[in-house]
Trainee: 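There's a structure below that I have some questions on.
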There are 2 protein chains.
Amino acid sequence: MGARDGDDSATAGSTLGYALLSLLTRGPATGYQLASRVKAPIGHFWTAKHSQIYPELARLAAAGWVRAAEEAGPGPRAKKTYELTPDGLAALRAWLVVPPVAQPRSEITLKAYAANSGDPAAMAALYGGLAAQAARTLAEYEQDAADMRAQGMDDPAHPRFGNYAVLLMGLESQRVVQRWSAWLAASLDGGAPVPYPHPPAPRDNGY
Amino acid sequence: MGARDGDDSATAGSTLGYALLSLLTRGPATGYQLASRVKAPIGHFWTAKHSQIYPELARLAAAGWVRAAEEAGPGPRAKKTYELTPDGLAALRAWLVVPPVAQPRSEITLKAYAANSGDPAAMAALYGGLAAQAARTLAEYEQDAADMRAQGMDDPAHPRFGNYAVLLMGLESQRVVQRWSAWLAASLDGGAPVPYPHPPAPRDNGY
DNA sequence: CTCCTCATGTAAACCGTTACATGATTAG
DNA sequence: CTAATCATGTAACGGTTTACATGAGGAG
């Protein structure tokens, strides 16, 4: 399963590898630039440190999925600007349509699971704070989304439509955290059942 | 930072360790039982295999956070039933109020980021399928939530209120995946901007 | 003179999954 | 007879974080 050895073609990559290929579809970049690109907006759903990015870029280059142009850099080593190769794009396209598996890791939900064991007031304060933070992030994202729509990024034909799609997911996720945390805080504070503020279901669009 | 060495008190545990302590607040259990408890409902937000659970239980026991009662088991080794100690409960309570950091790993969102590079019809089919799956899961969870409310688990005083809180988060998450995936599929299918079906914001409750 | 940004790497430790290994009891 | 369930562990590997290491150029 660790098919990382470069015999010749179609060696499977890691998710991080595909993430880097995705970032390179936005244009050539150095490892350093990729490390900052994994901050906004995709960083809310996938991150990596430079110490992981540099070796992964080397593997992608060995597989022929990216190509590096070397220049003299600052510091002691050469600066390498990577770009996607046709093979890399093909690999990315193949990976895109593989149904992903859900990855369950949420510490805020795990803590709620043990809510009964905590001090109710302290737990309510924790979740109240999380709700407030989510509300602030939400306001930022809403501004960003409006800006993107103004630039036509809500059109699937726009080259950065993916950024818009990711931002919408971020928006929805923050909305959920805000609503759920506020409900949890209210429940723990009140010590009695609080009905969950379900939004009325918007009508579906055929999917 | 790898303060796992059992000198004496207050050694920090891993998140998995606290997850196991949380599960043990529901009552004593063997490692085997804990491995099945991390399936429903907390498994949607935290999982672990038995190969990770057994060594972690040994570490928790060494730290004095759990205590094992040994019996003759099936198989060649003794069966160990673990229970939470007062120290373990104190450690859990301390961990509960530490603000958690968000852990960003979502392959479905990462793929959307590269949506432009994929075949639109194939990508639409992928996200249409995800939306349908989410809708099915959602229906299940809604039934579960109704059952829990019927048992009074929406009362924060109920010993398993945490299960209900976790399920509500699962419900909301599935709702988001359903709505967002359906929107993405419709956008890719139509090739033109599709307005996002934002639910009207329900009025807030003070948080 | 100091701190920040740009730029690239390696090493050690930890977290998580897959696979290997054993063996009794019960249901089909 | 066979398969599932109960029950506990170890080993190997890959993915991720933290820390170590180097050094130019510009801002304050």
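In what follows, every chain begins at residue 1, and chains take the letters A, B, ... in the order their sequences are listed.
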Trainee: In whole angstrom, give the distance that lies between atom NE2 of B:H50 and atom C1' of C:dC15.
Mentor: 16 Å
Trainee: Please list, for nucleotides 2-6 of chain D, all pairs of protein and nucleotide N/O atoms separated by less than 3.5 Å.
Mentor:
residue : atom : partner : partner atom : Å
D:dC6   : OP2  : B:Y32   : OH           : 2.9

Trainee: Suppose we call two aromatic rings close when their centres sit under 6.0 Å apart. Are B:W180 and B:Y127 close by that rule?
Mentor: yes
Trainee: Could you check how far CD of A:E56 sits from C1' of C:dT8, rounded to whole Å?
Mentor: 16 Å
Trainee: In terms of side-chain geometry, is the basic nitrogen of B:E70 or B:R77 positioned less than 4.0 Å from the acidic oxygen of its partner?
Mentor: no
Trainee: Report yes if some heavy atom in the side chain of B:D155 is under 4.5 Å from a heavy atom in the side chain of B:F161; otherwise report no.
Mentor: no
Trainee: Please state how far atom CG in A:L57 lies from atom P in C:dG9, giving the value in whole angstrom units.
Mentor: 9 Å
Trainee: Is the base of D:dT16 touched by the side chain of A:T47 through a donor-acceptor pair closer than 3.5 angstrom?
Mentor: no
Trainee: Between C:dA7 atom C1' and A:E70 atom CD, what is the distance in whole Å?
Mentor: 13 Å
Trainee: How long is the line joining CD of B:Q52 and C1' of C:dT18, in whole Å?
Mentor: 12 Å
Trainee: Report the nucleotide, chosen from C:dT22, C:dG9, C:dA7, that has the shortest atom-to-atom distance to any side-chain atom of A:T30.
Mentor: C:dA7
Trainee: I need the CD-P distance between A:E107 and C:dG16, as an integer number of Å.
Mentor: 10 Å
Trainee: Over how many whole Å does the gap from B:L110 atom CG to D:dG15 atom C1' extend?
Mentor: 15 Å
Trainee: Quick check, are the ring centers of B:W46 and A:Y113 under 6.0 angstrom apart?
Mentor: no
Trainee: Could you check whether the rings of B:W65 and B:Y18 sit parallel, tilted or perpendicular, using 30° and 60° as the cut-offs?
Mentor: tilted
Trainee: Does C:dA19 have OP1 or OP2 under 4.0 Å away from a side-chain N or O of B:K49?
Mentor: no
Trainee: Any idea which of D:dT17, C:dG9, C:dG16 is nearest the B:R105 side chain?
Mentor: D:dT17
Trainee: For the side chain of A:R77, counting heavy atoms from C-beta on, which of C:dT10, D:dG23, C:dG9 is nearest?
Mentor: C:dG9
Trainee: With a cut-off of less than 4.0 Å, is there a side-chain N or O of A:Y54 near OP1 or OP2 of C:dG9?
Mentor: no
Trainee: Whole angstrom is fine here: how far is it from CD1 in A:I53 over to P in D:dT16?
Mentor: 11 Å
Trainee: Does a nitrogen or oxygen in the side chain of A:R59 sit under 4.0 Å from OP1 or OP2 of D:dG15?
Mentor: no
Trainee: Can you label the angle between the B:H50 ring and the B:Y54 ring as parallel, tilted or perpendicular, going by 30° and 60°?
Mentor: perpendicular
Trainee: Counting only heavy atoms not in B:R26, do more than 12 sit closer than 6.0 Å to its CZ atom?
Mentor: yes
Trainee: Of A:L16 and B:P55, whose nearest nucleotide on DNA chain D comes first from the 5' end?
Mentor: B:P55
Trainee: Any N or O donor-acceptor pair under 3.5 Å from the base of C:dT18 to the side chain of B:S51?
Mentor: yes
